[in-house]
Amino acid sequence: MKETKKIFHRLLALTLAAGLCLSASGCGKKEAEEDGVYTAGEYTASAQGMGGQVPVTVTFSANEITKVEIGEHNETPGISDPAIEQLPDAIVKAQSADVDVVSGATVTSTAIIEAVKSCIAQAKGEEVGGGADGYTAGTYTATVTGMGGPFELSVTFSDDAITDIRAGENEETIMVGTEAIRILGERIIASQSLGVDTLTGATITSMAVLSGVKDCVNKAGGDVAALQVVSAPVETYEGKTREADIIVVGGGLAGITTAISAAVNGGNVILLEKKAYLGGNSVLSTGTFILGGTSVQAGLDIQDDPDTFYNWEIAAGEGKKDPEKVAMVAYHSQDLIDFFSSLGVNFNTEKVNSTDGSEINRGHALSPNIGTGVATLVSQLANNGVDVRFETDVNGLITDDSGAVIGVTATNAAGEAEEYYGKQIVLASGGFGDNNDMIVKYWGEEYDGLVYGGSKGMDGTMMRAAMDLGAATVDMEDAHIDATLEVTRGVTITTNLLRNCSSILVRQSTGERFADEQSSHSEIAAAAMHDLGDPYYYEICNSDMFTYSEAVAAKAKSYVAMGLTTQYDTVEDMAAGIGVDAGTLQKTIDDFNAAVRGEVADPFGRERFGATELAAPFYVLKVSNGVACTTGGLKTNNNFQVLDEEGNAIEGLYAAGEMTGGSRVHYIGGDALSNASVGGMLLGQQLAEMNK
């Protein structure tokens, strides 16, 4: 069968190359010269780059490539520019797509080259389609490198189709990388195409999947260039209703919890999410919920109660936290545990982690981790009839003549404008950390270009839409900086390594400590970093990070798998590796360990340390100041209604999670997840009751 296909397609190519048409009505293109190599004209194709599909148009005469043009794209400025500027001329000069990739822009270069090859195939009259020459049936494997490190991808082929795509054991982020593997695999199989876009927020994993499938297609004897230009249909929910009692915008923890809570209480809900998967910032966190007076604490003989928790958090927040937001969590902590349990999501009952500045442990973690917990919650959306619309980018609010909010405007996956209408509109699409302009506007010019380590796309679009209607905000100027954003990949390193393990921060220029690393969620260290002005720092950890807790161990292992850590077995090797004086670094560690042993007071005032001294093997990360989440947002009342500047509720408009301000200022580790989940639970109950 395969040989028959090959013979046919070769004859077809030769026939078209000779300038002949197989239709009495003509070819529809400018006829080639009698002995021409190409059918003259313009041909367009696209291939996957780092930021999405890169469109390329190639112009041919009968015998030459005369022009190569790159269309509109989303490749990273500065990085992709050399490839976009150099390759068109190089291809025209070589009269071939077999040119070298441009160093430093490999992914963009490869996309341009593959798209040009597809155009050449079209101009030669070679059939462009899903594996035009078929495949040698079987299962082929490729080793690829994702966000969490290398993993094996297996692709199964029949004679004429890709039938299965599976990933082996991997360290990709649950509900981000794991969803990218699943979704891209399904899309490639459904469309029999490699012309699928990477998923926003999971680009590295997406690129790994596409690279692995291409490798396997080649091994199976298929035509990668042909598969690149086959269009991959996108889901636009055509024909489905765009009306519900409750419209929830954003599929992070606040949005998911609101939607489920409303649904289990009888509410009719549509959840709109701009990505192809759910989870938001929550799945990127270590997963600590700060709760008080719970059955989990009682089971571990930790003495706590809602009043004590409330009073402590008000004091720890130095009067900056909204008392009503603090009370919401303090007096509904156990309700959240019970609610999650009813959904099959459970907290670890064997350990409650320490809390920033508190003698009482209040850090509750889902078991086995936040990713699997959110995955279970996501499954409950379908179980309870929540209608989830993915890749629906909400960008505006719709009001009636009285000013009440009655709907939202959005753009679907096909780029088409849509409108959704509801009785209550809930904004739960996160903060503005992924919007540098807003960071500069509210925090100041000195934070321009700050590394962002949160979920991609949290750019404050809907926060600004509400502000355009007159919504009030709170805490927008609170510059919540994390001290440990990994420099090379923009990954937020959990502050648990500093807060609960024997880890330290040292200056990259000297190897000396400079602050109390774990006080106030690393705010002191972040402020010191900002004042020192060094480009980056080193975080030095020991094996505590693999034993402190289930959640922290999972994060630590992922950092190693990603290649973010460098391991050293001696202080001398570590000093040489990071470029500081070995004697100075040894003194830094010796002085710190003396404080760990209680022999001296820590010179920076640090009072909590890990279970062991800082000793080999050492794990070193290169980190800098950055932002993982923002603390400012829309001002809301006890009913989660968005307020205007006069303190009046904007009818029909509600908000939850990182979209709101008041609860996360003077951040305490666990504030964000607690506020998002407790708030979502209560808001969902309230909205469902309103619609009965």
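On a predicted model such as this, the values are computed, not experimentally measured, just so you know.
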Over 60° means perpendicular and under 30° means parallel, so classify the ring planes of Phe347 and His364, tilted if in between.
->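 Judged by the thresholds at 30° and 60°, the geometry between His364 and Phe347 is perpendicular.
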Test side chain to side chain donor-acceptor pair (under 3.5 Å), reference Thr308, set Asp304, Asn311, Asp305, output is Asp305
Side-chain donor-acceptor pair present, [X], [Y], cut-off under 3.5 Å:
X	Y	answer
Thr461	Asn395	no
Thr484	Glu539	no
Asp482	Thr492	no
Thr203	Lys456	no
Asp671	Asn675	no

Using only atom types and a distance under 3.5 Å, with no angle test, would you say the side chain of [X] pairs donor to acceptor with the backbone of [Y]?
X	Y	answer
Thr565	Tyr619	no
Thr372	Asn369	yes
Ser503	Leu497	yes
Ser333	Gly293	no

Heavy atoms of Ile540 and Leu614 approach each other most closely as O-CD1, 4.1 Å
ask   = Quick one: are Ile247 and Leu272 in side-chain contact, heavy atoms under 4.5 Å?
value =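 Contact flag for Ile247/Leu272 side chains = yes.
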